[in-house]
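Only one structure is covered here, and it is reproduced in the block below.
Just so we're on the same page: letters track the sequence lines, and every chain starts at 1.
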Protein chains: 2
Amino acid sequence: MNITDFLSTIVPFTDDELKDIVSHFKKETVLKNQTLVRQGEVCKTLYFVEKGMGRSYYLNENGKEITQWFFGVGKFMSSVDSFFQQTPSLYYLEVLEDATLYCMSKSDIDQLFAKYHKMETMGRLVTTEMLTKMVNKLNAIQFQTARERYDYMLAEFPDIAYRVPLGHIASYLGMTQETLSRIRKG
Amino acid sequence: MNITDFLSTIVPFTDDELKDIVSHFKKETVLKNQTLVRQGEVCKTLYFVEKGMGRSYYLNENGKEITQWFFGVGKFMSSVDSFFQQTPSLYYLEVLEDATLYCMSKSDIDQLFAKYHKMETMGRLVTTEMLTKMVNKLNAIQFQTARERYDYMLAEFPDIAYRVPLGHIASYLGMTQETLSRIRKG
DNA sequence: GAATTCCTTTGACATAGGTCAAATAGTGAG
DNA sequence: CTCACTATTTGACCTATGTCAAAGGAATTC
């Protein structure tokens, strides 16, 4: 999924606007298992995933990694509130497969927000979509059995569910690896 | 919490802008237990809570009410995705105490989004804040014991926790009324 | 202010999913 | 190809929280 195409699907930018906006993204190739942001650091970059995939996670009180979200192709990836509020990130951000990312700094995006009303609209729409997805996850987690939660995972991340370690998915869904393993069996 | 003051705290509107924006809100008084939106209806109005409080909830497969969110003084209240996408609401919206609300229609808010770049910025910031709060709830629900979840509730809605029926809070926190009752004891 | 309805507490018991430990299967480096 | 390491599966057992049922308390209505 190309960044230019993606932007066009959200808001009807003109060609000139698109060219300007896209020129502020820097293309980067990142290898598997690379960490983009650490817990406690301020997240300086917004990433758009053209190829590959990533996840955000944090360490709980026992030092266990808890996956917070998966970011697939055609999505923005970031430690959202750290990036937008420039506060220390609660999450690690890592790449799970060799990836091609388009990167933009906070100051560049702020400039674009200020310059283009439509850019601000896009920001709002993307945030609203994320909010909706978060509500979906919440409802799945809050009231469904372990099996139903796994079904939610398959529906929300069909492309990702079979490409990442079991334990990442289990912690994302709020269950143990053992439970998820048993579910996949039956 | 006055709507004019609230808007000023988020984005530095000029006095003229503020006057224009606020003029599109219609003040309404709503009595306790009144339903503002039903599941399946399209939510036509965004509400700002000046006084009182409300909640959103849905009916699960057994017909039980599940509280999805509480809206206190100084917050926007709506069935967010129904309102912004004009799709059937997944939630009921009801007022839990006699309330004073400022109401705005979708078309009015869209006009203001189009007219004022700053209004769009406000939309994005409010949505981001809601997203952050949703993530907090998710983390509480996903990995904490029933007791810890109740502590989260007290922290997030200190003003609300003692003013609504136990069952509303229990379903919000993803536990039974009986469990919450036992927690409040010990 | 009695009646009705709704809300909260309490008790006994059931169970989904967690914990701990060990066995097995995959995977990447040399 | 083999070793070393990591990820997954399996089993036995445990516990937090759910379910069901009934009894108290509060609050609203007439």
Side-chain angles (χ1 to χ4, degrees), chain A residues 31-35 53 55 57 59-67 70 92 94-98 137-154 157 160-186, chain B residues 31-35 52-53 55 57 59-67 70 92 94-98 137-154 160-186:
Chain A
L31 295 183
K32 185 175 171 171
N33 292 328
Q34 195 164 319
T35 297
M53 115 178 87
R55 67 159 180 156
Y57 68 94
L59 301 177
N60 73 2
E61 54 294 359
N62 308 315
K64 221 190 115 198
E65 295 181 1
I66 308 292
T67 299
F70 293 104
Y92 289 83
E94 77 173 9
V95 163
L96 295 172
E97 286 181 357
D98 295 0
K137 178 181 176 184
L138 187 56
N139 289 335
I141 294 285
Q142 188 164 9
F143 295 106
Q144 304 197 292
T145 62
R147 161 162 292 285
E148 290 168 328
R149 273 178 272 164
Y150 183 58
D151 292 342
Y152 148 82
M153 171 81 199
L154 292 177
F157 300 106
I160 289 179
Y162 289 106
R163 277 156 58 197
V164 300
L166 190 87
H168 289 1
I169 298 176
S171 73
Y172 175 78
L173 294 176
M175 66 184 77
T176 61
Q177 192 166 293
E178 292 93 326
T179 297
L180 181 55
S181 174
R182 286 184 245 261
I183 284 169
R184 273 199 172 164
K185 265 300 153 61
Chain B
L31 296 181
K32 183 176 172 172
N33 291 329
Q34 196 164 319
T35 297
M53 114 178 88
R55 68 159 180 157
Y57 68 94
L59 301 177
N60 73 1
E61 55 294 357
N62 308 315
K64 222 190 113 199
E65 295 181 0
I66 308 292
T67 300
F70 293 105
Y92 289 83
E94 77 173 8
V95 163
L96 295 172
E97 286 181 357
D98 296 357
K137 177 181 176 186
L138 187 56
N139 288 336
I141 294 284
Q142 189 165 10
F143 295 106
Q144 304 197 293
T145 62
R147 160 160 293 286
E148 289 168 328
R149 273 178 271 164
Y150 183 59
D151 292 341
Y152 149 80
M153 171 81 199
L154 292 176
I160 290 181
Y162 288 105
R163 278 155 58 197
V164 302
L166 189 88
H168 289 2
I169 298 176
S171 73
Y172 175 78
L173 294 176
M175 66 183 76
T176 62
Q177 191 166 290
E178 293 93 326
T179 297
L180 181 54
S181 174
R182 286 185 244 259
I183 283 168
R184 271 198 172 164
K185 265 296 154 64

Provide the closest heavy-atom pair for [X] versus [Y] in the form atom of the first, atom of the second, distance.
| X | Y | value |
| --- | --- | --- |
| B/Leu138 | A/Leu138 | CD1-CD1, 3.4 Å |
| B/Glu65 | B/Leu59 | CG-CD2, 3.6 Å |
| A/Arg184 | A/Ile169 | NH2-CD1, 3.8 Å |
| A/Thr67 | A/Lys137 | O-NZ, 4.4 Å |
| A/Gln144 | A/Asn139 | CG-O, 4.0 Å |
| B/Tyr152 | B/Ala140 | CG-CB, 3.7 Å |

For the residue pair A/Phe70 and A/Tyr172, categorise the inter-ring angle as parallel (less than 30°), tilted (30 to 60°) or perpendicular (more than 60°).
->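 Ring orientation, 0 to 90° scale: tilted.
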Identify, between A/Ala146 and B/Gly167, the residue whose nearest nucleotide on DNA chain C lies closer to the 5' end.
->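 By nearest-heavy-atom nucleotide position, the 5'-most residue is B/Gly167.
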Distance, nearest 0.5 Å, that separates NZ of B/Lys32 from CD of B/Glu94 =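 One finds 10.5 Å between NZ of B/Lys32 and CD of B/Glu94.
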Just how far, in rounded Å, is [atom2] of [N] from [atom1] of [X]?
| X | N | atom1 | atom2 | answer |
| --- | --- | --- | --- | --- |
| A/Asn60 | C/dT19 | CG | P | 10 Å |
| A/Gln144 | D/dG18 | CD | P | 15 Å |
| A/Lys64 | D/dA7 | NZ | C1' | 14 Å |
| A/Asn62 | C/dG18 | CG | P | 14 Å |
| A/Gln177 | C/dT19 | CD | P | 12 Å |
| A/Glu65 | D/dA7 | CD | P | 9 Å |
| A/Leu180 | D/dT8 | CG | C1' | 10 Å |
| A/Arg184 | D/dT10 | CZ | P | 13 Å |

Could you point out which residue of B/Glu97, B/Arg55, B/Met53 forms a side-chain contact (heavy atoms from CB on, under 4.5 Å) with B/Val164?
->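 One option only clears the test, and that one is B/Met53.
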Please determine, for the side chain of B/Met175, which listed nucleotide (D/dA7, D/dG18, C/dT8) has the closest atom?
->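 That would be D/dG18.
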Give each protein N/O atom lying under 3.5 Å from an N/O atom of nucleotides 19-22 of chain D, with the pair distance.
{"from": "D/dT19", "atom 1": "O4", "to": "B/Arg182", "atom 2": "NH2", "distance (Å)": "3.4"}
{"from": "D/dC20", "atom 1": "N4", "to": "B/Glu178", "atom 2": "OE2", "distance (Å)": "3.1"}

Are any protein N/O atoms closer than 3.5 Å to N/O atoms in nucleotides 25-30 of chain D? If there are, list each pair with its distance.
none

